[in-house]
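Notes to accompany the following structure.
Here is how names work: the chains are called A, B, and so on, in the same order as the sequence lines, proteins then strands, and each is numbered from 1.
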Number of protein chains: 2
Amino acid sequence: MASRSGASAAPIDTADPAYVDPESRLSVLLARRGSSTDARIREALTTSGVTPRHAIVLMRLGGGQVSQRDLGVRLGVDPSVLVTLLNSLEDRELIRRRRDPADRRRHIVEITDAGARAAARLDAAFGRVEDELFADLTAQERETLGSLLARVRTAQADPCAVAPDAGP
Amino acid sequence: MASRSGASAAPIDTADPAYVDPESRLSVLLARRGSSTDARIREALTTSGVTPRHAIVLMRLGGGQVSQRDLGVRLGVDPSVLVTLLNSLEDRELIRRRRDPADRRRHIVEITDAGARAAARLDAAFGRVEDELFADLTAQERETLGSLLARVRTAQADPCAVAPDAGP
DNA sequence: TATTGTTATACTCTATAACTATA
DNA sequence: TATAGTTATAGAGTATAACAATA
């Protein structure tokens, strides 16, 4: 099987001075764990038939009604994407959309009772996923992780460009 | 912070007992920061014409030659995806592929001199991105973040570990 | 028959622009 | 003219299965 698969191709020599372990880069590690976490959440939500984004929209709406545009800005979701998200949520009667009387271009989005119940269930599902993902971390460590992550500069502004690779 | 645009739609009431802040969930925060980090890396690499995965493959290969299959397992990349990654790297002469004489089904993948130089430049680019992303964290805090992330349980937690017996 | 690498296909996300109805 | 929402389309990314050549 796979145990003796690298018979003639030498294993990666981590002692080689030319070797740079990609996983030792904090950015790579963070991107990877983030991706895995998203995948795990997505998997846990499959039975509920919603994606992580649907869940986040529902949880956000638990605080009250918002204009569709504001919601998109808050979540960093493109308006055209938000439309399809809200469509499926509205089809399931988890949210409701109505025109803003004060400005008929706007949609006021609000959660339904069924939606609020779904949000609570989904939140619990997130909790179970976290219990699994962070099982090896103490409550204190989880808190530390959270506060450190919160301090990562997420805003994308300044480009640090790299020289093209070609030129020999 | 919403009152200027949401005239009649009330802003989200974070004090509402029904409100659950999605970002307060550690899993959501981790997934988000991971995604942003990946996007930032991808942006920084655009001028070099490679994606983060190309870069990671190159850095991995800095340690020596590997079979294509082993490389895919280590990186958690599907074989069919790895093919296209390696094709573009080979077109730029950053890596080389040759048949394994001991098992002609296998490809031995190795980095070229130009590839090694590119890997070093790419690694430096990762460093600059990290200096930007983690500017508000001390060296000690970055280390803490890394060790905590390393302890998050994910399916792909340790790609270097040998699978006991990869069943169906 | 199983494995390695490759190709082909389909499906999901995302990004963009054009369109409507209002203002 | 500008804005909120919608629709349509194309592109990247990924996942899956079928395939050829080796073992």
Side-chain angles (χ1 to χ4, degrees), chain A residues 1-9 31-32 35-36 38-39 42-43 45-46 49-54 56 65-91 95 97-109 156, chain B residues 2 4-9 31 35-36 38-39 41-43 45-46 49-54 56-57 66-91 95 97-109 155-156 163 165-168:
Chain A
M1 249 213 178
S3 57
R4 61 184 186 283
S5 56
S8 65
R32 284 248 179 142
S35 173
S36 300
D38 181 75
R42 190 173 303 270
E43 182 190 1
L45 297 183
T46 46
V50 301
T51 67
R53 267 193 177 161
H54 286 103
I56 290 173
Q65 55 184 221
V66 220
S67 84
Q68 190 165 324
R69 183 185 163 282
D70 281 0
L71 187 62
V73 171
R74 280 167 194 279
L75 298 174
V77 177
D78 192 88
S80 66
V81 175
L82 189 57
V83 168
T84 63
L85 280 177
L86 294 180
N87 283 348
S88 59
L89 289 176
E90 196 170 32
D91 287 345
I95 62 133
R97 273 186 287 198
R98 57 189 171 84
R99 287 287 170 189
D100 185 340
D103 183 344
R104 293 191 45 74
R105 291 172 304 183
R106 290 172 182 264
H107 268 162
I108 294 176
V109 186
Q156 305 170 19
Chain B
R4 63 172 171 272
S5 57
S8 68
S35 174
S36 299
D38 181 75
I41 294 173
R42 192 173 302 269
E43 182 191 2
L45 297 185
T46 45
V50 301
T51 67
R53 270 192 174 164
H54 285 102
I56 290 172
V57 166
V66 219
S67 84
Q68 190 165 323
R69 182 186 163 283
D70 282 359
L71 187 62
V73 171
R74 280 168 194 279
L75 298 174
V77 177
D78 192 87
S80 66
V81 175
L82 189 58
V83 168
T84 63
L85 280 178
L86 293 180
N87 282 347
S88 60
L89 289 176
E90 196 169 32
D91 286 346
I95 62 131
R97 272 187 286 202
R98 58 188 170 84
R99 287 287 171 189
D100 184 340
D103 183 344
R104 292 190 47 75
R105 291 174 303 185
R106 292 170 180 263
H107 267 163
I108 294 176
V109 186
Q156 278 283 348
D165 204 306

Exercise. Would you give the length of the straight line joining atom OG1 of B:Thr84 to atom CG of B:Asp78, rounded to the nearest 0.5 angstrom?
Key: 9.5 Å
Quiz item: A:Gln68 CD to D:dT7 P: how many Å, rounded?
Solution: 10 Å
Practice problem: Could you grab the distance from atom CD1 of B:Ile56 to atom CD1 of B:Ile41, nearest 0.5 Å is fine? | Solution: 7.0 Å
Self-check item: Nearest-angstrom distance from the residue atom CG of B:Leu45 to P of D:dA12
Solution: 17 Å
Quiz prompt | Residue list, side-chain contact (heavy atoms from CB on, under 4.5 Å) with B:Arg97, at least two apart or on another chain | solution = B:Gln68, B:Leu86, B:Asn87, B:Glu90, B:Ile95, B:His107, B:Val109
Quiz prompt | Contact state string [nucleotides 17-23 of chain C, B base, S sugar-phosphate only, - no protein heavy atom under 4.0 Å] | solution = B----BS
Quiz item: Which residues pass the side-chain hydrogen bond (donor to acceptor under 3.5 Å, both in side chains) test with B:Arg104, sequence neighbours left out?
Solution: none
Quiz item: What residues, two or more places apart in sequence or in another chain, satisfy side-chain hydrogen bond (donor to acceptor under 3.5 Å, both in side chains) together with A:Arg42?
Solution: A:Asp38
Self-check item: Nucleotide D:dG13, atom C1' - distance to CD1 of B:Ile41 in whole Å
Solution: 17 Å
Do any N or O atoms of the protein come closer than 3.5 Å to N or O atoms of nucleotides 12-14 of chain C, and which pairs are they?
| from | atom 1 | to | atom 2 | distance (Å) |
| --- | --- | --- | --- | --- |
| C:dC13 | OP1 | A:Arg42 | NH1 | 3.0 |
| C:dT14 | OP2 | A:Arg53 | NH1 | 2.6 |

Self-check item: Nearest-angstrom distance from the residue atom CG of A:Leu85 to P of D:dT6
Solution: 12 Å
Quiz item: Taking CG from A:Asn87 and C1' from D:dT7, how many angstroms apart are they, rounded to a whole number?
Solution: 10 Å
Quiz item: Excluding sequence neighbours, so at least two apart, what forms side-chain hydrogen bond (donor to acceptor under 3.5 Å, both in side chains) with B:Thr51?
Solution: B:His54
Quiz item: Between C:dT7, D:dG5, C:dG5, which one does the side chain of B:Arg69 approach most closely?
Solution: C:dG5
Quiz prompt | Rounded distance [0.5 Å steps], CG in B:Leu89 versus CZ in B:Arg53 | solution = 12.5 Å
Quiz item: Closest heavy-atom contact between B:Ile108 and B:Pro101?
Solution: CD1-CD, 4.5 Å
Practice problem: Apply the test side-chain contact (heavy atoms from CB on, under 4.5 Å) to residues B:Arg69 and B:Arg105: give CA-CA distance (whole Å), side-chain angles for both, the deciding distance (0.1 Å), then the verdict. | Solution: CA-CA 10 Å; B:Arg69 182 186 163 283; B:Arg105 291 174 303 185; over 6 Å; no
Quiz item: Rounded to whole angstroms, how far apart are CG on A:Asp38 and C1' on D:dG13?
Solution: 14 Å
Exercise. Would you mind reading off the distance between A:Asp70 atom CG and D:dT3 atom C1', rounded to a whole angstrom?
Key: 13 Å
Quiz prompt | Atom-pair distance (CG on B:Leu82; P on D:dG13), nearest Å | solution = 15 Å
